Number of protein chains: 2
Amino acid sequence: MKSAHIPRATIQRLAVYVQVLETLLQEGDSVISSDGLARACGVNPSQIRKDLAYFGEFGVRGVGYYVQDLLTAIKQSLGIDRTWNVALVGVGNLGRALLRHGIFRRRGFILVGAFDCDPFKIGEEVAGLEVVCSRRLKEKVSELEIEIGIITTPPERAQRAANYLIEAGVRGIVNFAPARISVPENVAVEYVDFMHHIFSVAFNISINQSKGLS
Amino acid sequence: MKSAHIPRATIQRLAVYVQVLETLLQEGDSVISSDGLARACGVNPSQIRKDLAYFGEFGVRGVGYYVQDLLTAIKQSLGIDRTWNVALVGVGNLGRALLRHGIFRRRGFILVGAFDCDPFKIGEEVAGLEVVCSRRLKEKVSELEIEIGIITTPPERAQRAANYLIEAGVRGIVNFAPARISVPENVAVEYVDFMHHIFSVAFNISINQSKGLS
DNA sequence: TACTGTGAACCGCTTCACAGCC
DNA sequence: GGCTGTGAAGCGGTTCACAGTA
């Protein structure tokens, strides 16, 4: 890495670039310019060049970027050129869907543990995993070498789930529960809250409509 | 509304404020200061005051904000003081989980139609809804007065789902499929991509680790 | 007194423009 | 010639500091 601090927005865009580059690769494209990639991602071409410059020089002047090489470089930069073991806490509708969803494994995030505090769910098998009591997280996290936790509990149990995960030594958490959680500084947290997105859509529709009326 | 342009980031934070204010209300708090709310949301107090100032003056100097009033005001500002009819396209694991998830209805987003192009799924009943062929979206959208579409198809079918929705006259789309889609300017799009979030967590863990070693 | 509302300062991300290189 | 890499300019969002008010 070349630069010390990297904007949060850059990381998000890098994830988009990975998505688009993988599609390009499937379609057989081997070279792409920052212009072409920018159009596919809906961003400014300089933006892409700047984002990449935080990590190194991956392009060839006068040519562009070799898709495969760039993909490898970005994945390396993001730390996703390896596999990560992941625990999921909260085996409800959403939790089940994620456990069964192939995308995590395909991208190197392997769901190796499913946890819930409901005695009726404990022992049940979901997507080849036995649901284990949340209290046993600590023991399981070290046994299974888990580094990331996913929270899919109801909001009121999100903080407790987080506490179990942190106590167990997890280094990062993706929280799908619609609740803020507090964690120590050295634990990375990301919120996935689809209500926020649907609110945003509703707001923009309202705005567009009032614009149309004026 | 007082201001013309509102930052995207402000809208996202307003959604967080709604979340936190509803929790406060349940806990019986009737007044909160920008300081208190800021701490609960993990943002700067001035930020909150600025965000609210885009829409009006909702506070009382020397006192703070009345929780119920503020909540009502924000919901009105966001356009979520009403119900919205929503169509879901793609009845896979994730689609089913969302159809069964109570949170949408609780927040005024009513899933009134479920669509899929798989003949084996058409006619099936999920969460009280009959799965209908995606081709019939246009007819159903006007019949059921649907304004928002949710896409939960595999990535390669996301654009087609979007096309059906747009053609049917939907005004906004929430795309859960890991693929960019192109839509006309007057259609609002939001991406919910949990891989981006888990990438971000992985990156931050990697960063923290390399910091620890230095 | 205590807290909001807001103009001004600040900061950081984005975009531009062009030098550097294949 | 064409495209990347990058310093500098531009812009928009965040934070500050304080005036305004219950």
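Predicted, not measured: the structure shown is a model, and the values here were computed from it.
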Pair A:Arg8 + A:Glu190: basic N to acidic O under 4.0 Å: yes
Heavy-atom donor-acceptor pair, B:Asp193 side chain to B:His197 backbone, under 3.5 Å: no
Return the set of residues passing side chain to side chain contact (heavy atoms under 4.5 Å, CB included) with B:Ser33 (not counting sequence neighbours), or none when no residue passes. B:Asp35
Does B:Ala161 have any side chain to side chain contact (heavy atoms under 4.5 Å, CB included) partners at least two apart in sequence or in another chain, and if so, which? B:Val89, B:Ile151, B:Thr153
Provide the full list of salt bridge (Lys or Arg N to Asp or Glu O under 4.0 Å) pairs with a residue in residues 162-180 of chain B, sequence neighbours left out, each pair given once. none
Could you list, one pair per line, each protein nitrogen or oxygen that sits under 3.5 Å from a nitrogen or oxygen of nucleotides 7-10 of chain D, together with the distance?
residue: D:dG7; atom: N7; partner: A:Lys50; partner atom: NZ; Å: 3.4
residue: D:dG7; atom: O6; partner: A:Lys50; partner atom: NZ; Å: 2.9

If the condition is side chain to side chain contact (heavy atoms under 4.5 Å, CB included), which residues does A:Ser206 pass it with, not counting sequence neighbours? B:Trp84
After noting the C-alpha distance and the side-chain angles of B:Cys41 and B:Val20, does the key distance pass the side chain to side chain contact (heavy atoms under 4.5 Å, CB included) rule? CA-CA 7 Å; B:Cys41 300; B:Val20 171; 3.7 Å; yes
Do A:Gln76 and A:Thr72 get their side chains close enough for a donor-acceptor pair, meaning under 3.5 Å? no
Side chains of B:Gln19 and B:Thr23 only: does a donor on one sit below 3.5 Å from an acceptor on the other? no
Please, which pairs that meet salt bridge (Lys or Arg N to Asp or Glu O under 4.0 Å) have at least one residue in residues 64-81 of chain B, sequence neighbours excluded? B:Glu22-B:Lys75
Strictly below 4.0 Å, N to O, side chains only: are A:Lys138 and A:Glu143 in salt-bridge contact? no
Students should find that the nucleotides of DNA chain C closing off the region near chain A, any atom under 4.0 angstrom from a heavy atom, are C:dC13 to C:dC22
Once rounded to the nearest 0.5 Å, what's the spacing between atom CG of A:Leu144 and atom CD1 of A:Ile110? 11.5 Å
Partners of B:Asn163 by side chain to side chain donor-acceptor pair (under 3.5 Å), sequence neighbours excluded? B:Gln159
Interface residues of residues 6-16 of chain A with DNA chain C (non-hydrogen, below 4.0 angstrom): A:Pro7, A:Ala9, A:Arg13
Restricting to pairs with a member in residues 150-161 of chain B, which pass salt bridge (Lys or Arg N to Asp or Glu O under 4.0 Å), not counting sequence neighbours? none
B:His5 side chain N/O closer than 4.0 Å to the phosphate oxygens (OP1, OP2) of D:dG13? yes
Measure the acute angle between the ring planes of A:Phe194 and B:Phe104, then classify it against the limits of 30° and 60° as parallel, tilted or perpendicular. parallel
Those residues of residues 195-206 of chain B lying under 4.0 Å from DNA chain D by at least one heavy atom: none
Got a list of protein N/O to nucleotides 2-5 of chain D N/O distances below 3.5 Å?
residue: D:dG2; atom: N2; partner: A:Gly62; partner atom: N; Å: 3.3
residue: D:dC3; atom: O4'; partner: A:Gly62; partner atom: N; Å: 3.3
residue: D:dC3; atom: O2; partner: A:Gly62; partner atom: N; Å: 3.2
residue: D:dT4; atom: OP1; partner: A:Ser34; partner atom: N; Å: 2.6
residue: D:dT4; atom: OP2; partner: A:Ser34; partner atom: OG; Å: 2.6
residue: D:dT4; atom: O2; partner: A:Arg61; partner atom: NH1; Å: 3.3
residue: D:dG5; atom: OP1; partner: A:Phe58; partner atom: N; Å: 3.3
residue: D:dG5; atom: OP1; partner: A:Gly59; partner atom: N; Å: 3.0
residue: D:dG5; atom: OP2; partner: A:Tyr65; partner atom: OH; Å: 2.8
residue: D:dG5; atom: O4'; partner: A:Arg61; partner atom: NH2; Å: 2.9
residue: D:dG5; atom: O3'; partner: A:Glu57; partner atom: OE2; Å: 3.3
residue: D:dG5; atom: N7; partner: A:Arg49; partner atom: NE; Å: 2.8
residue: D:dG5; atom: O6; partner: A:Arg49; partner atom: NH2; Å: 3.0

